[in-house]
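As the structure lists them, so they are numbered: ligands from 1, and atoms in each ligand from 1.
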Amino acid sequence: MASKPPKSDPVQDAPQVAGPQHAAAGLPAVGHTLRVAQRQMGVRRTALTLLSVNQKDGFDCPGCAWPEPEHRHRAEFCENGAKAVAEEATLRRVTPEFFAAHPVADLAGRSGYWLGQQGRLTHPMYLPEGGTHYEPVTWERAFDIIGEEIAALGSPDEAVFYTSGRTSNEAAFLYQLFARELGTNNLPDCSNMCHESSGSALSETIGIGKGSVLLEDLYKADLIIVAGQNPGTNHPRMLSALERAKANGARIISVNPLPEAGLERFKNPQTPQGMLRGAALTDLFLQIRIGGDQALFRLLNKLVLEREGAVDEAFVREHTHGFEEFAEAARAADWDETLTATGLTREDIDKALALVLASERTIVCWAMGLTQHKHSVPTIREIVNFLLLRGNIGRPGAGVCPVRGHSNVQGDRTMGIFERPAPAFLDALEREFGFAPPREHGYDVVRAIRALRDGEAKVFFAMGGNFVSASPDTQVTEAAVRRARLTVHVSTKLNRSHVVTGARALILPTLGRTERDVQGSGEQFVTVEDSMGMVHASRGRLEPASGHLLSEPAIVCRLARRVLGENSRTPWEEFEKDYATIRDRIARVIPGFEDFNARVTGSAGRPGGFALPHAPRDERRFPTATGKANFTAAPVEYPELPEGRLLLQTLRSHDQYNTTIYGLDDRYRGIRGGRRVVLVNPEDARALKLADGAYVDLVGEWKDGVERRAPGFRVVHYPTARGCAAAYYPETNVLVPLDATADTSNTPASKSVVVRLEQSATD
Ligand SMILES: Nc1nc2c(c(=O)[nH]1)N[C@H]1C(S)=C(S)[C@@H](COP(=O)(O)OP(=O)(O)OC[C@H]3O[C@@H](n4cnc5c(=O)[nH]c(N)nc54)[C@H](O)[C@@H]3O)O[C@H]1N2
Ligand SMILES: Nc1nc2c(c(=O)[nH]1)N[C@H]1C(S)=C(S)[C@@H](COP(=O)(O)OP(=O)(O)OC[C@H]3O[C@@H](n4cnc5c(=O)[nH]c(N)nc54)[C@H](O)[C@@H]3O)O[C@H]1N2
Ligand SMILES: [Mo]
């Protein structure tokens, strides 16, 4: 039996602390997985559901974007994938009766955890202007309301269309087509807060904003550097790949302010010996200060340049541009400055250098620890410099590996979810659909919030996600969203964005990945693209959570018909009926998708999907402005820390999926029963006179002089790098200033927030 959702809230946030663990996965993870899943789904549904995750005839795991190995285990899922599935396949329901019993004002006082635990949304719901409760509404009336508000806008650019990264390729393609036929490029997405810095840095330097390695490259690498990533929690299946790479002789360096259990040792739950002993993964742990990575790679580059014969000169000559300028900047790198910026020792860096020089095939993997700083783009460019120097792009076992978050965030971008679309993409849309797409760039996430705040955007529509909680500067963002005329959320589960609304609001409940999707032409499947550019099908098997749900493609088609009417020549009705007709159009618009339907269903030979082309990886061709891979030479930056302050990173616990909180434990970090904790190095804590267990307010300090405060965090003495602190997102998003973003990519700098810790009034 599935259990009932929690009644009480706020839940007792009383963290208990036991100190960090040194290994991830293994037996406790298996037991934990089954317990969590059964609580939401009951025993039978748990077994049925978990067995079809990531199988060739099953659905793509909504957990993360890590690719599926070719030889899949019968249970190709991980603890956290199972939790993501259980959240969606839960038997709990949020019905019209629930909304009748809970005024919106009451729901706005609940925690995100409580809201999410209530279950799946079952009916379209409407909050009229001045209303106190959401009321059930028909789909037709819902589309009419959106149509009315869009018609009342002064310009289509007063509407914003956000996307989270779970949306399928088919739905994403239709959604951007709809927005552009309406006349706007206002298509912000979660990527703006996530890997935008990777995309910006890579497009400029190698000519394509995606990673250049496939799974088999990891198995061939000599050296894998994992920087700013916590795969034990966020990409658990990556640990199996790292384990296999190690067995083949790879060495692993992890670069992180925190010792993360998953990277230390991995107990593979799919092998008996793995369960018992596990494999040590990290050979060298560089406990870096937050934001020190650019300085580290710059110095490594200098040291490689100084070493006779270490540079791949033929590659540099033939395939790159800008070497001289870069080399000059790198030679000027300064040891002392690097040691200050990184907090590392000379010995650490010498050891790293030895591993770098011993490796013929090097891969660098990274995630949010590198992308969410002011100087993220130059940091990632420096990693590209590092790889180019020794010819480590465009050959087996080597390359750049930004590890994506949401399971289809990369695919959504490929489908055109982007506020700054390439002219060639718009030309292709124009040819195929016979309309003139808008050419002016639209709003990204931060710009969309400013536009809402300033009254320049009035309709906010979200395809999934939890915009209000995921975005920075919570108070500013909430006030901005409340100024909208209309907010609309296509969602599976209740979240805070449904209760912080515009004058009018709609919740449109949709099918999840796990559910059967039947349309006019029969049962449908959708497609997704993983972090390594592999495209494959995803087909749900479960009965939908309610008979009133529409699929995401169906919602877009009906919305487009209602809003665009006679102005659109696009066959929306046909698209809704048969998703294969959407894929036929994708095949004609987006390079790499030729013969899409045949290749993804396997009738053209290889079953289980295909790899998108990647010129640098496949042919060492770099489609940049110079036609070569570009070395770059930005000045080294690192965060400045005033006396008595700490640099706070806002990160994920083991029991959450972004703003979805599964539970209150962070097992690998030894924290249980609460989320309001701040991890502080014991030396720093001593200097600040903060005992373990003391309660503090985190107070943000930024150049705008505005005080941003997150009250009531328990201090945990924890072995993080000196001067650094860590606390969970989204509770700490109140501290991230809207305007504190990465240069070029405009990604909120949510991993380097200067804070002071003040004793809580209640302490
Ligand atoms: N279970 C689960 N899986 C997920 C998610 C989830 O919330 N839960 N989220 C998904 C999404 S959308 C994403 S983007 C990914 C996120 O995956 P991660 O990027 O692994 O997620 P974070 O928890 O933000 O962890 C950031 C890591 O970077 C380190 N770090 C912080 N600052 C620095 C720095 O300056 N330098 C270096 N070298 N390291 C630093 C932190 O200590 C931490 O280990 O995971 C995806 N998968
Ligand atoms: N401070 C700080 N802020 C951050 C980050 C950080 O590290 N620190 N990380 C950033 C990152 S990397 C990201 S990616 C963003 C995440 O930002 P979002 O993607 O906006 O947030 P999520 O929490 O993943 O969205 C969860 C909601 O998605 C809905 N949902 C789930 N599945 C489906 C589905 O199949 N279809 C539809 N339509 N809806 C569905 C559910 O209603 C659920 O409540 O947050 C960013 N914000
Ligand atoms: Mo993300």
- Task: For residues Ala725 and Ile290, report the shortest heavy-atom separation together with the two atoms involved.
- Result: O-CD1, 3.9 Å
- Closest non-hydrogen contact found for Arg675 with Gly663 is CD-O, 4.4 Å
Going by the order shown, which atoms of ligand 1 are within less than 4.0 Å of some heavy atom of [X]?
| X | answer |
| --- | --- |
| Gly228 | 19 (O), 27 (C), 28 (O), 29 (C), 37 (C), 38 (N), 39 (N), 40 (C) |
| Thr233 | 1 (N), 2 (C), 3 (N) |
| Asn80 | 1 (N) |
| Glu260 | 42 (O), 43 (C), 44 (O) |
| Val255 | 37 (C), 38 (N), 39 (N) |
| His373 | 34 (C), 35 (O) |
| Gly291 | 34 (C), 35 (O) |
| Gln229 | 20 (O), 27 (C), 28 (O), 44 (O) |

Any Lys/Arg nitrogen of [X] or [Y] sitting under 4.0 Å from an Asp/Glu carboxylate oxygen of the other?
| X | Y | value |
| --- | --- | --- |
| Arg496 | Glu478 | yes |
| Glu79 | Lys83 | yes |
| Glu529 | Lys210 | yes |

- Regarding Arg166 and the six-membered ring of Tyr657, is the cationic atom NZ or CZ under 6.0 Å from the ring centre and inside 45° of its axis?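 Satisfied, under 6.0 Å and within 45°.
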- Centroid-centroid under 6.0 Å between Tyr162 and Phe461 rings: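 No.
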- Message: Parallel, tilted or perpendicular, judged at 30° and 60°: which one describes the rings of Phe467 and Phe460?
- Response: tilted
- Would one find an N or O of Ile288, backbone or side chain, under 3.5 Å from an N or O of ligand 1? no
- Query: Any N or O on Asn256 sitting closer than 3.5 Å to an N or O of ligand 1?
  - Reply: yes
- Ser745 and Ser200 side chains, donor-acceptor separation under 3.5 Å: no
- Item | Test item: side-chain donor near acceptor, Gln372 and Gln649, under 3.5 Å | no
- Can you name the residues that form a ring pair (Phe, Tyr, Trp, His ring centres under 6.0 Å) with Phe178, not counting sequence neighbours? Phe161
- Backbone, side chain, both or neither: what part of His235 comes under 4.0 angstrom of ligand 1, heavy atoms only? side chain
- Note on the structure: Note: Asn230, heavy atoms under 4.0 Å from ligand 1, region reported as both
- Note on the structure: Within the 4.0 Å heavy-atom cut-off around ligand 2, the contacting residues, ordered by chain and number, are Tyr162, Ser164, Arg166, Cys190, Met193, Cys194, Met368, Gln372, His406, Gly464, Gly465, Asn466, Ala470, Val490, Ser491, Thr492, Lys493, Asn495, Thr510, Glu552, Thr650, Arg652, Tyr657, Asn658, Thr659, Thr660, Tyr729, Asn733, Ser750, Lys751
- Query: Could you walk me through whether Asp293 and Tyr638 pass the side chain to side chain donor-acceptor pair (under 3.5 Å) check?
  - Reply: CA-CA 8 Å; Asp293 304 82; Tyr638 52 95; over 6 Å; no
